[in-house]
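First comes the structure, then the notes that go with it.
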Amino acid sequence: MKAKKILFITQEIAPYVSTSQLATAGREIPQATQESGREIRTFMPRWGHINERRNQLHEVIRLSGMNIIIDDTDHPLIIKVASIQPARMQVYFIDNDDYFHKRLMKDDDKGVEYADNTERAIFYARGVLETVKKLRWTPDVIHCQGWMSAIVPLYIKHAYQDEPTFKDAKVVFSAFDEAPTATPADNVERAVCFRGANTKAISAKGIDLSKPESLSQLAIAFSDGFIQSGNNETLTAFAEAQGIPCITCPGDKTAVPAITEFYDKITGSDEE
């Protein structure tokens with residue numbers, strides 16, 4: 001079995017946030033994947049409404065302290081960790097005062113989408129990837145769940161492609177019915193550019209960063225596989241047009257046999 005190490009970069013995990021389809025997927029799919037005999041690492045944002053004391057989050061000093069520059073502004077990276085004891089699953093949290101402290105997920109407490117959601121996703125992607133490098137852990141598959149992880153595939157293919165940690169990794173993106181619908185901020189093109197990940201690479205895929213759907217399209221276009229766990233047929237059609245292998249399955253533990261088989265297919269291990 002080639003796909004032995006799976007990195008989950010997810011948006012929500014129960015019980016740290018309110019129950020939702022994505023929070024259930026974030027909890028059950030990594031847990032069931034681990035129980036199937038594969039090694040995992042799991043990341044999520046440290047959303048502002050997560051109760052750190054109740055959930056026993058603590059900072060990992062040796063992993064924290066890096067500054068991530070986005071659009072010429074430094075943003076300190078803070079890494080926290082907690083364990084879901086019944087699942088024997090450890091979760092790493094990406095934190096930053098500008099993007100997460102006292103802030104909710106996609107929308108504020110009045111239901112208005114944050115104008116810098118794409119920038120938050122950029123910070124999250126780079127924060128996770130830099131942390132995994134420090135962990136010296138090399139994944140076979142990187143499974144991104146939800147819009148907050150949508151920048152990761154682009155960076156894996158064009159910014160971290162020569163890093164020993166990621167150069168052989170395959171990327172899978174799972175879409176749910178929760179992506180931002182507001183127009184991205186004006187600085188999105190400047191903010192997303194990092195190393196070889198630039199607007200030329202993005203436009204070559206026919207993606208317009210000024211459109212609300214650009215986040216999900218970015219994730220799909222630079223992935224090696226797409227999992228539809230929502231009802232957005234437009235995204236499935238986009239994936240098929242890009243020649244990206246697709247499967248449709250529910251976002252819970254019942255989907256794990258199909259998902260792990262998908263991991264093996266895109267890594268080529270089902271042919272061995």
Side-chain angles (χ1 to χ4, degrees), residues 2-11 30 39-45 60 62-79 92-96 99 118-174 188-205 207 209 214-227 242 244 263 266-268:
K2 184 177 179 181
K4 294 180 179 179
K5 297 181 178 181
I6 315 300
L7 171 62
F8 289 95
I9 305 177
T10 193
Q11 180 175 307
E39 187 178 342
I40 69 167
R41 296 290 185 275
T42 307
F43 284 79
M44 73 171 287
V60 185
R62 68 182 180 87
L63 298 175
S64 299
M66 178 181 181
N67 280 342
I68 293 178
I69 302 173
I70 299 176
D71 196 14
D72 295 328
T73 302
D74 283 1
H75 301 276
L77 173 63
I78 302 168
I79 308 299
Y92 291 93
F93 294 82
I94 298 296
D95 199 3
N96 171 266
Y99 293 128
T118 301
E119 199 170 317
R120 298 167 84 201
I122 291 166
F123 179 87
Y124 181 51
R126 289 180 56 188
V128 171
L129 298 179
E130 291 295 338
T131 303
V132 175
K133 282 172 55 181
K134 287 185 178 181
L135 290 172
R136 298 182 180 181
W137 188 79
T138 304
D140 298 313
V141 173
I142 300 170
H143 189 164
C144 304
Q145 296 178 312
W147 67 267
M148 193 65 181
S149 67
I151 306 294
V152 171
L154 168 67
Y155 285 166
I156 288 293
K157 301 299 183 182
H158 286 279
Y160 290 83
Q161 73 276 16
D162 295 326
E163 298 277 0
T165 301
F166 303 114
K167 67 183 182 68
D168 296 322
K170 300 297 184 181
V171 188
V172 174
F173 177 69
S174 286
V188 62
E189 289 191 358
R190 296 193 308 273
V192 77
C193 290
F194 177 59
R195 297 179 180 171
N198 51 42
T199 53
K200 182 179 179 181
I202 294 167
S203 60
K205 297 287 188 178
I207 298 169
L209 288 175
S214 64
L215 263 182
S216 295
Q217 290 179 346
L218 264 181
I220 294 168
F222 292 97
S223 290
D224 299 290
F226 173 57
I227 300 175
Q242 294 281 335
I244 307 299
Y263 295 158
I266 65 170
T267 57

Completion exercise
Distance col, row Thr42:OG1 vs Ile6:CD1, nearest 0.5 angstrom, shows 10.5 Å
Exercise for the section: Taking the side chain as every heavy atom from C-beta outward, state whether Val152 and Val128 have any atom pair closer than 4.5 Å. Expected result: no
Problem - salt bridge (charged side-chain N to carboxylate O under 4.0 Å, His left out) partners of residues 141-154, not counting sequence neighbours, each pair once - result: none
Completion exercise
CZ of Phe123 to OG1 of Thr73, rounded to nearest 0.5 Å, is 12.0 Å
Practice task
With side chain to side chain contact (heavy atoms under 4.5 Å, CB included) as the test, would you mind laying out the steps for Asp95 and Ile79 before giving the verdict?
Solution key: CA-CA 6 Å; Asp95 199 3; Ile79 308 299; over 6 Å; no
Handout entry: Which residues share a salt bridge (Lys or Arg N to Asp or Glu O under 4.0 Å) with Lys157, sequence neighbours left out
Key = Asp224
Problem - Residues forming a side-chain contact (heavy atoms from CB on, under 4.5 Å) with Ser203, sequence neighbours excluded - result: none
Handout entry: Distance in Å, Thr131 OG1 paired with Ile94 CD1, rounded so as to fall on 0.5 Å steps
Key = 4.0 Å
Handout entry: Side chain to side chain, Tyr155 and Ile122, heavy atoms closer than 4.5 Å
Key = yes
Problem - Backbone N/O of Leu215 and side chain of Gln217: donor-acceptor pair under 3.5 Å - result: no
Completion exercise
Here the pair of heavy atoms bringing Ile142 nearest to Ala169 is CD1-CB, 4.0 Å
Handout entry: With Ala219 via side-chain contact (heavy atoms from CB on, under 4.5 Å) - residues at least two apart
Key = Ala150, Pro153, Phe173
Fill in the blank from the handout: Sorted by chain and number, sequence neighbours left out, side-chain hydrogen bond (donor to acceptor under 3.5 Å, both in side chains) with Arg126 holds for none
Exercise for the section: Verify side chain to side chain contact (heavy atoms under 4.5 Å, CB included) between Val192 and Thr118, making sure each step is shown before the conclusion. Expected result: CA-CA 8 Å; Val192 77; Thr118 301; 5.8 Å; no
Exercise for the section: Apply side-chain contact (heavy atoms from CB on, under 4.5 Å) to Asp168 and list each qualifying residue two or more places apart in sequence or on a separate chain. Expected result: none
Handout entry: Side-chain (Asp140) to main-chain (Lys4) donor-acceptor, under 3.5 angstrom
Key = yes
Exercise for the section: Any chance you could lay out the side chain to side chain contact (heavy atoms under 4.5 Å, CB included) test for Gln11 and Ser149, step after step, and finish with the verdict? Expected result: CA-CA 7 Å; Gln11 180 175 307; Ser149 67; over 6 Å; no
Completion exercise
With sequence neighbours left out, the residues meeting side-chain hydrogen bond (donor to acceptor under 3.5 Å, both in side chains) with Tyr99 are His75, Glu119
Problem - side-chain contact (heavy atoms from CB on, under 4.5 Å) against Ala221, all qualifying residues, sequence neighbours excluded - result: Lys205, Ile207, Phe238, Gln242
Practice task
Identify the heavy atoms of Ala191 and Ile70 that sit nearest to each other, and give their distance.
Solution key: CB-CG2, 3.8 Å
Exercise for the section: State, to 0.1 Å, how close Met148 and Arg120 come at their nearest heavy-atom pair, and which atoms those are. Expected result: CE-O, 3.3 Å
Handout entry: Closest approach of Thr138 to Pro164 (non-hydrogen atoms, all atoms of both residues)
Key = CG2-O, 4.1 Å
Exercise for the section: Evaluate side chain to side chain contact (heavy atoms under 4.5 Å, CB included) for Leu63 paired with Leu77, printing each intermediate quantity in order. Expected result: CA-CA 9 Å; Leu63 298 175; Leu77 173 63; over 6 Å; no
Handout entry: Residues which pass ring pair (Phe, Tyr, Trp, His ring centres under 6.0 Å) with Phe226, listed by chain and number, not counting sequence neighbours
Key = none
Handout entry: Tyr160 and Thr165, any side-chain heavy atoms less than 4.5 Å apart
Key = no
Exercise for the section: Taking atom NZ of Lys167 as the centre, report whether more than 12 heavy atoms of other residues, nucleotides or ligands fall under 6.0 Å from it. Expected result: no
Handout entry: Rounded distance (nearest 0.5 Å) linking atom CZ of Arg62 with atom CG of Leu135
Key = 6.0 Å
Exercise for the section: Nearest 0.5 Å please: distance from the OG atom of Ser64 over to the NZ atom of Lys134. Expected result: 7.5 Å
Fill in the blank from the handout: The side-chain hydrogen bond (donor to acceptor under 3.5 Å, both in side chains) partners of Glu163 (sequence neighbours excluded) come to Lys133, Arg195
Exercise for the section: Nearest 0.5 Å please: distance from the SG atom of Cys144 over to the CD1 atom of Ile9. Expected result: 4.5 Å
Problem - Option from Phe8, Tyr124, Phe43, Trp137 for which ring pair (Phe, Tyr, Trp, His ring centres under 6.0 Å) with Tyr92 holds - result: Phe43
Problem - Closest approach of Ala197 to Ala159 (non-hydrogen atoms, all atoms of both residues) - result: CB-CB, 4.3 Å
Practice task
List in chain and number order the residues that pass side-chain hydrogen bond (donor to acceptor under 3.5 Å, both in side chains) with Thr10, two or more places apart in sequence or in another chain; answer none if no residue qualifies.
Solution key: Gln145
Exercise for the section: Report yes if the side chains of Val172 and Ser223 come closer than 4.5 Å at any heavy-atom pair, otherwise no. Expected result: no
Problem - Heavy-atom side-chain proximity of Phe166 to Gln161 below 4.5 angstrom - result: no
Completion exercise
Closest non-hydrogen atoms of Ile40 and Pro30, given as atom of the first, atom of the second and distance, are CD1-O, 3.5 Å
